[in-house]
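Here the structure comes first, spelled out in structure tokens, and everything after it is commentary.
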2 protein chains.
Amino acid sequence: MSHTLGIRQAQKQKTRQALLDAALELLEEQSLSSLGLREVTRAVGVAPTAFYRHFDSTADLGVALVEEALGSLHAVIHDALTATWDSDERIARTVELIARHVRAYPAHVRFIARERHGGVRRVREAISEQLGQFADEVRAALRLDPEAAGWTEEDLLMLASLYVDHMVITASAFLTTAPEDLARVSGLAERQLRLVTLGRKHWLDLS
Amino acid sequence: MSHTLGIRQAQKQKTRQALLDAALELLEEQSLSSLGLREVTRAVGVAPTAFYRHFDSTADLGVALVEEALGSLHAVIHDALTATWDSDERIARTVELIARHVRAYPAHVRFIARERHGGVRRVREAISEQLGQFADEVRAALRLDPEAAGWTEEDLLMLASLYVDHMVITASAFLTTAPEDLARVSGLAERQLRLVTLGRKHWLDLS
DNA sequence: AAATACAGAGAACAGTTGTTAACTGGATGA
DNA sequence: TCATCCAGTTAACAACTGTTCTCTGTATTT
């Protein structure tokens, strides 16, 4: 049911995307709070004033980038979690999934890691909301597992948050690791996940 | 053996500290990569050129801030880890220690969380080095525990990294939490630590 | 075919930035 | 006491910033 865009709107979206792409690249070596609107338009090759046709400010652009970087991940996470392998293989595949994603979209990952605690309030809030949503989706997926019997929703969310935070940390670690050390980082992340999973198995032993 | 500084050097250190303090405050609502040298000197009330008597650039100042924020923490961490309470109380006290530190030095904590993945390479590296050192110190402390029998050094470092990362995340969470929700965040962090500790207890069950 | 909407261009604005050079005046050391 | 040092000042620079207003040309609508 996707309505074909007119020439005009199509061109507009193209410029908008060019601005987002240019910004993302410029953000590889600086933070959003130092990104200037002129800098972005210069990189794209349009007049500075054209920026205002798409965004109110660079902060506004940042919020759009959050959507671009995290919006499409919900489906991926859902698939990864509902696949039912045995525990150890599931861990290895999850870490591999993260590694692939970082390789495919390094600039997006860097942006999220950087701006999660960055200097622009609205962007922090947008990221926080998305990650909170991830945690809740993970919690829902964990609920389906037989092992979740006896767990409170609160404790499931506690575990889900641990997983999500660990995912972000791992992604960021992949980003700053030289190619020859990637395997070491993978191994580290896997063992950490295995330890957490072990804790999960014994959570109800006596509480 | 601390040699009394001359009037001259004393005054110099005083302005230097004033620059660091002003910068730290300005950094509460922006990132280091957008912090201008004139901005800092204006806040202190000295001429812009005076800045160069103390730092080459704002990146240089950032590295100094890392030292100020994390340098004094090694001793604190050491004390917290060698104290021998039983496990659950130890966890509660650790989380409480973090909460206190965040309340006492919020700007320092914010700075570290923000610049850990921030836009200035040298500062990222300085933080990474300090956190890596923390992890190694935690590993050494874990080694002393009877429970570490049978553990490889690699696995101990794996666990230590998990603790350090969790500490940073928790500190950052305290920072962005309204006073009435602090208890909830404490509870969450404690349960996560308890789960990790549970995994630790069963790590050698069959590997 | 004519009227309108609107993405982008152009020019100009006041204010900001980092950095250089030459200077001042009080603490320091001979 | 006198020469030296040096933390901080003053003034000036070219370059840059976000934002405003006015204009243009083409796609869209009537």
Side-chain angles (χ1 to χ4, degrees), chain A residues 2-27 29-65 115 118-123, chain B residues 2-27 29-65 115 118-123:
Chain A
S2 83
H3 179 250
T4 304
L5 273 56
I7 302 184
R8 200 151 191 175
Q9 294 208 29
Q11 177 57 39
K12 180 170 185 182
Q13 286 213 354
K14 210 170 150 185
T15 321
R16 186 190 135 101
Q17 190 57 48
L19 289 169
L20 287 170
D21 292 347
L24 198 58
E25 196 181 325
L26 289 164
L27 284 172
E29 33 199 31
Q30 63 178 310
S31 306
L32 183 62
S33 78
S34 66
L35 182 70
L37 121 205
R38 290 186 105 108
E39 205 178 345
V40 179
T41 56
R42 194 186 312 130
V44 173
V46 298
T49 47
F51 186 91
Y52 292 108
R53 299 285 178 197
H54 304 275
F55 308 102
D56 285 345
S57 61
T58 51
D60 207 39
L61 180 147
V63 173
L65 276 178
E115 301 303 331
V120 182
R121 168 114 61 111
R122 288 178 48 220
V123 171
Chain B
S2 84
H3 177 252
T4 304
L5 273 55
I7 302 184
R8 202 152 189 173
Q9 295 207 30
Q11 178 57 38
K12 181 173 184 181
Q13 286 213 353
K14 208 170 153 186
T15 10
R16 186 189 136 100
Q17 191 58 46
L19 289 169
L20 288 170
D21 293 347
L24 199 59
E25 194 179 328
L26 289 164
L27 285 172
E29 33 198 32
Q30 65 180 309
S31 306
L32 184 62
S33 79
S34 66
L35 182 71
L37 125 202
R38 289 187 104 108
E39 205 178 342
V40 179
T41 55
R42 195 185 312 129
V44 172
V46 299
T49 47
F51 186 91
Y52 292 109
R53 300 284 178 199
H54 304 276
F55 309 101
D56 285 345
S57 61
T58 50
D60 207 40
L61 179 147
V63 173
L65 276 178
E115 301 304 330
V120 182
R121 168 114 62 106
R122 289 177 49 220
V123 171

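Just so it is clear, the values below take in all heavy atoms, side chains as well, and ignore hydrogens, waters and symmetry mates. Proteins come first, then strands; the chains are lettered A, B, ... in the order of their sequence lines, and each starts at number 1.
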Problem set entry | Euclidean distance, Q13(A) CD relative to Q9(A) CD, rounded to 0.5 Å |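 The CD atom of Q13(A) is 7.0 Å from CD of Q9(A), to the nearest 0.5 Å.
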Exercise. In Å, rounded to the nearest 0.5 Å, how long is the span from CG of L24(B) to CG of L35(B)?
Worked result: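 That separation rounds to 10.5 Å.
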For this session: Would you mind reporting whether L65(A) and L32(A) have side-chain heavy atoms less than 4.5 Å apart?
Result: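 No - every pair of side-chain heavy atoms lies 4.5 Å or more apart.
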Problem set entry | Test item: F51(A) and L61(A) side chains (from C-beta on) under 4.5 Å apart, heavy atoms |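 Result yes, sub-4.5 Å side-chain heavy-atom pair found.
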If I take atom [atom1] in residue [X] and atom [atom2] in nucleotide [N], what distance separates them, rounded to the nearest angstrom?
| X | N | atom1 | atom2 | value |
| --- | --- | --- | --- | --- |
| K12(A) | dC6(C) | NZ | P | 8 Å |
| R42(A) | dA9(C) | CZ | P | 14 Å |
| E39(B) | dT16(C) | CD | P | 11 Å |

For this session: Please list, chain by chain and in numerical order, all residues satisfying salt bridge (charged side-chain N to carboxylate O under 4.0 Å, His left out) with D60(B), sequence neighbours excluded.
Result: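 With neighbours one apart ignored, the set is R122(B).
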Exercise. Which side-chain hydrogen bond (donor to acceptor under 3.5 Å, both in side chains) pairs, counting each pair once, include a residue from residues 16-27 of chain B, with sequence neighbours left out?
Worked result: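 Listed once each, the pairs are Q17(B)-D21(B), Q17(B)-E68(B).
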For this session: Would you classify A47(B) as touching base, sugar-phosphate or nothing, given that sugar-phosphate means primed atoms plus P, OP1 and OP2, and contacts are heavy atoms under 4.0 Å?
Result: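 Answer is base: heavy atoms of A47(B) come under 4.0 Å of a base.
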Exercise. At under 4.0 Å between heavy atoms, what does R16(A) touch on the DNA or RNA strands: base, sugar-phosphate, or nothing?
Worked result: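 Nothing, no heavy atom under 4.0 Å.
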Exercise. Taking it one step at a time, do R121(A) and E29(B) satisfy side chain to side chain contact (heavy atoms under 4.5 Å, CB included)?
Worked result: CA-CA 8 Å; R121(A) 168 114 61 111; E29(B) 33 198 32; over 6 Å; no
For a quick test of your reading: what N or O donor-acceptor pairs under 3.5 Å do the side chains of residues 37-48 of chain A make, sequence neighbours left out?
{"unit_1": "E39(A)", "atom_1": "OE1", "unit_2": "G36(A)", "atom_2": "N", "d": "3.0"}
{"unit_1": "E39(A)", "atom_1": "OE2", "unit_2": "Q30(A)", "atom_2": "NE2", "d": "2.7"}
{"unit_1": "T41(A)", "atom_1": "OG1", "unit_2": "L37(A)", "atom_2": "O", "d": "3.3"}
{"unit_1": "T41(A)", "atom_1": "OG1", "unit_2": "R38(A)", "atom_2": "O", "d": "2.9"}

Problem set entry | chain B contact limits on DNA chain D, taken 5' to 3' with a cut-off of 4.0 angstrom to heavy atoms |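 Endpoints of the contacted stretch of DNA chain D: dC5(D) to dA12(D).
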Problem set entry | Heavy-atom pair with the smallest gap, counting every atom of A64(A) and L20(A) |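 Between these two residues, the closest heavy atoms are CB-CD2, 4.0 Å.
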Exercise. Got a sec? Which of residues 17-26 of chain B come in under 4.0 Å of DNA chain C, heavy atoms?
Worked result: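 Per residue number, the list is empty: none.
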For this session: For T15(B) and for R38(B), locate the closest nucleotide of DNA chain D by heavy-atom distance; then report the residue assigned to the nucleotide nearer the 5' terminus.
Result: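 Looking at the nearest nucleotide for each, T15(B) comes out on the 5' side.
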Exercise. Listed in order of residue number, which residues of residues 56-64 of chain B have a non-hydrogen atom at under 4.0 Å from DNA chain D?
Worked result: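 Those residues whose heavy atoms fall under 4.0 Å from DNA chain D, taken from residues 56-64 of chain B, amount to none.
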For this session: Give the B/S/- string for nucleotides 25-30 of chain C, one per nucleotide from 5' to 3', where a protein heavy atom under 4.0 Å of the base yields B, of only the sugar-phosphate yields S, and otherwise -.
Result: -BBS--
For this session: Using modelled atom types only, decide if a donor and an acceptor are shared between the side chain of S33(B) and the backbone of S31(A) within a distance under 3.5 Å.
Result: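 Checked: pair present.
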Any N/O pairs under 3.5 Å between the protein and nucleotides 20-23 of chain C? List them or say none.
none

Exercise. Which residues satisfy the side-chain contact (heavy atoms from CB on, under 4.5 Å) test with Q11(A), sequence neighbours excluded?
Worked result: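 side-chain contact (heavy atoms from CB on, under 4.5 Å) check on Q11(A) returns K14(A), T15(A).
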